Amino acid sequence: MTIRVRFAPSPTGFLHVGGLRTALYNYLFAKHHQGKLILRIEDTDRSRFVENATDNLINSLSWAGISFDEGPIQGGDFGPYLQSERLPLYKKFADVLIQKDEAYYAFDSEQEIEEMRNRLSAEKKDPKYDRMSMKNSLTINDNSVKEWINSGKPYVIRLKIPETGNVVFNDIIRGEVSVPCKDIDDQVLIKSDGFPTYHLANVVDDHLMQISHVIRGEEWLPSTPKHVLLYKAFEWDMPAFAHLPLLLNKDKTKLSKRQGSVAVEDFIEKGYLKDAFVNFIALLGWNPTSDREIYEIKELIELFNLEKVNKGGAVFDTQKLDWMNAQYLRKLPVGQLCEMLENELIKRNFPVKEKEYLEKVIKLFIERVNFINEIPEIADYMFRPPEEFDENLKIKEWKQDSPQIIKLYLETINNTSEFSHDTLYQITKQFCDENNLKLKNIAQLLRLMITGKSAGAGMFETMEVIGKKIVIERIENFLKNHS
RNA sequence: GGUCCCGUCGACUAGUGGUUAGGUCACCAGCCUUUCACGCUGGUAACACGGGUUCGAAUCCCGUCGGGAUCACCA
């Protein structure tokens, strides 16, 4: 059997990280089995249609490196891949169900349904569609039904759930799941606007597109029995089901916008590296062994299997993601890091520096950041004079006798022609010995005057990169203002 | 509330009857050191609870509790 899986988002906005993980697992599963990955857009809800949402979805997906074998853009033998373009199909299959007495027409108004629910609630019963007390093709005669339909008045088609028995199905991740039929509602299949509901459309399409495995979020688990019943009503073979654990907020509720960023776009914007992000997401709910954290996509494909997917939800905590981003950042070639840094500098209107200079800055700071965009923040002084000086550092290091010491020191370095880390280190060390000082004191004093900050890269390396002229300028300037 | 799913350190997880319950992030301490990081070493920290089954349970069964999802003419 050839493996065919699909990612089936509805285009209602941006790609959610949970959606990305679902797509990723589908992708890994497909690639692992040399199968096909299909993108199907579930746009059967006209009221929630969002312009450009599909493009956004595809952009985020392709940023993450998830490509599809079939879909609305690349096409395929099982199209169209937009549900809104498959409308006649659903109607046809709904009619099949009516013929087989597995579904029925219903003519109730919204208000009538609400009244029914209120009545049921008052009687302490489940507010399910109360088939026999309502207006539908089960309760009114055939002629009236025909008349209603021919008159063009709105109606829906509902699935006729068996009254007794259980729906039992197997989930690859959870094992056997069983639900009593009496707890399942007569699901609307075709809405009064003629569009199918998700339930009908997804079953029909999965069948027609020959989907072998339905891999989707756990939020679909409660409605899976309806889908199972649908397959049975059509007498179709069922795909295998795998319901993925949810991605959670810190408070363990389903990951949502209210508690922080959830759009993949936001994470791209924040500067996360694609490989780091994918690596991290992949390990949220699945682990090959747990003695390793960093995996290339190739390895993920090789190792992935649904059986090892966890059952419990996973809190989406970005702390480890940040660490992982740093790991990937440090593996990147310097040239690429330079380009990234350059973009960040331009974005901030920092003075433009040549590539060689940026390379040196990268080398100084790459071990100190999780994101490239942190460099302009923590190392602004590499690009322009410090605008302020750390007060605490000043109080701690700038003593009564500091001006004299620095003046003396200034003379020493003024006389050196070679302004490299090694020579600066030697000179400073010697200077300290001669003046009975500790290297530490001078270094921190220099840091204060040249960078204004208490933390940074090695001071002599920093001075080497900034260069003699500017270093001396900054020291003199500081002396002028602090004598 | 009904139904379904789930329950190992703060977080991500390994574990499938016998382990001092392991790893990673975070946190703490020490080392390194011109500061901050990196790195290295060490540390705090978990099997929700109660019954069984068994010579022996994190692992199997039942119950309790807790958490979540879902109950639309949304997906």
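No hydrogens, no waters, no symmetry mates; every other heavy atom, side chains included, goes into these values. We name chains A, B, ... by the order of the sequence lines, and we start the count at 1 in each one. Only a predicted model underlies this, so the values are computations on that prediction, with no experimental measurement involved.
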Counting Watson-Crick and G-U wobble pairs only, both distances under 3.5 Å, name the nucleotide matched with [N], or none.
N	value
B:G7	B:C65
B:A26	none
B:C55	B:G18
B:G2	B:U70
B:C32	none
B:A46	none
B:A37	none

Could you tell me the separation between the [atom1] atom of [X] and the [atom2] atom of [N], rounded to a whole number of Å?
X	N	atom1	atom2	result
A:L255	B:A11	CG	P	16 Å
A:D317	B:U13	CG	P	11 Å
A:D171	B:U3	CG	P	20 Å

First of A:E110 and A:E176 reached from the 5' end of RNA chain B, by closest nucleotide: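 The residue whose closest nucleotide sits nearer the 5' end is A:E176.
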
Report the residue (A:Y198 or A:A314) whose heavy-atom-nearest nucleotide on RNA chain B is the more 5′ of the two.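 The residue mapped nearer the 5' terminus is A:A314.
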
Check the orientation of A:F241 and A:F169. Use parallel for under 30°, tilted for 30 to 60°, and perpendicular for over 60°. perpendicular

Pairwise [atom1] distance, [M] and [N] [rounded to whole Å]:
N	M	atom1	value
B:A58	B:U8	P	15 Å
B:C32	B:A37	C1'	12 Å
B:A75	B:C38	C1'	47 Å
B:A69	B:C61	P	26 Å
B:U70	B:U64	C1'	23 Å
B:A14	B:G1	C1'	38 Å
B:C60	B:U54	C1'	10 Å
B:A21	B:U33	C1'	37 Å

Using the ring pair (Phe, Tyr, Trp, His ring centres under 6.0 Å) criterion, which residues pair with [X]? Sequence neighbours excluded.
X	result
A:Y198	A:W220, A:H227
A:F195	none
A:Y105	A:Y155

Can you name the residues that form a salt bridge (Lys or Arg N to Asp or Glu O under 4.0 Å) with A:D95, not counting sequence neighbours? A:K91

Looking at residues at least two apart in the chain, or sitting in another chain, which of them share a salt bridge (Lys or Arg N to Asp or Glu O under 4.0 Å) with A:R216? none

Please work out if [X] contacts a base, only the sugar-phosphate, or nothing of the nucleic acid, heavy-atom cut-off 4.0 Å.
X	result
A:R46	nothing
A:N310	sugar-phosphate
A:R158	sugar-phosphate
A:D186	nothing
A:S178	sugar-phosphate
A:V315	sugar-phosphate
A:T197	sugar-phosphate
A:P288	nothing
A:G217	nothing

Can you figure out which of [options] approaches the side chain of [X] most closely?
X	options	result
A:E293	B:A11, B:G23, B:A72	B:G23
A:N287	B:C25, B:G2, B:U13	B:U13
A:K191	B:C73, B:U13, B:U24	B:C73

Donor on one side chain, acceptor on other, [X] and [Y], under 3.5 Å:
X	Y	answer
A:E418	A:S420	yes
A:Y409	A:N435	no
A:S121	A:N118	no

For residues 165-177 of chain A, which residue pairs pass the salt bridge (Lys or Arg N to Asp or Glu O under 4.0 Å) check, not counting sequence neighbours? A:R174-A:E218

Return the polar atom pairs (N/O with N/O) between nucleotides 65-70 of chain B and the protein under 3.5 Å, or none.
residue	atom	partner	partner atom	Å
B:A69	OP1	A:K254	N	3.1
B:U70	OP1	A:K254	NZ	2.7

In B/S/- notation (B base, S sugar-phosphate only, - none; protein heavy atoms under 4.0 Å), nucleotides 27-50 of chain B written 5' to 3' is -------BBBBS------------

Donor-acceptor pair under 3.5 Å: do we get one between A:K311's side chain and the base of B:C5?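 Under the 3.5 Å cut-off, the side chain and the base do not form any donor-acceptor pair.
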
Throw together a table of side-chain donor-acceptor distances under 3.5 angstrom for residues 310-322 of chain A, partners on residues two or more places apart or in other chains.
residue	atom	partner	partner atom	Å
A:D317	OD1	A:Q319	N	3.2
A:K320	NZ	A:E293	OE1	3.1
A:D322	OD1	A:Y272	OH	2.5

For B:A75, does either OP1 or OP2 sit under 4.0 Å from a side-chain N or O belonging to A:R48? no

Check this one for me: any side-chain N or O of A:T44 less than 4.0 Å away from OP1 or OP2 of B:A75?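 True: A:T44 side-chain N/O within range (under 4.0 Å) of B:A75 OP1/OP2.
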
Are A:R474 and A:F478 in a cation-pi setup, meaning NZ or CZ lies under 6.0 angstrom from the ring centre and within 45 degrees of the ring axis? no

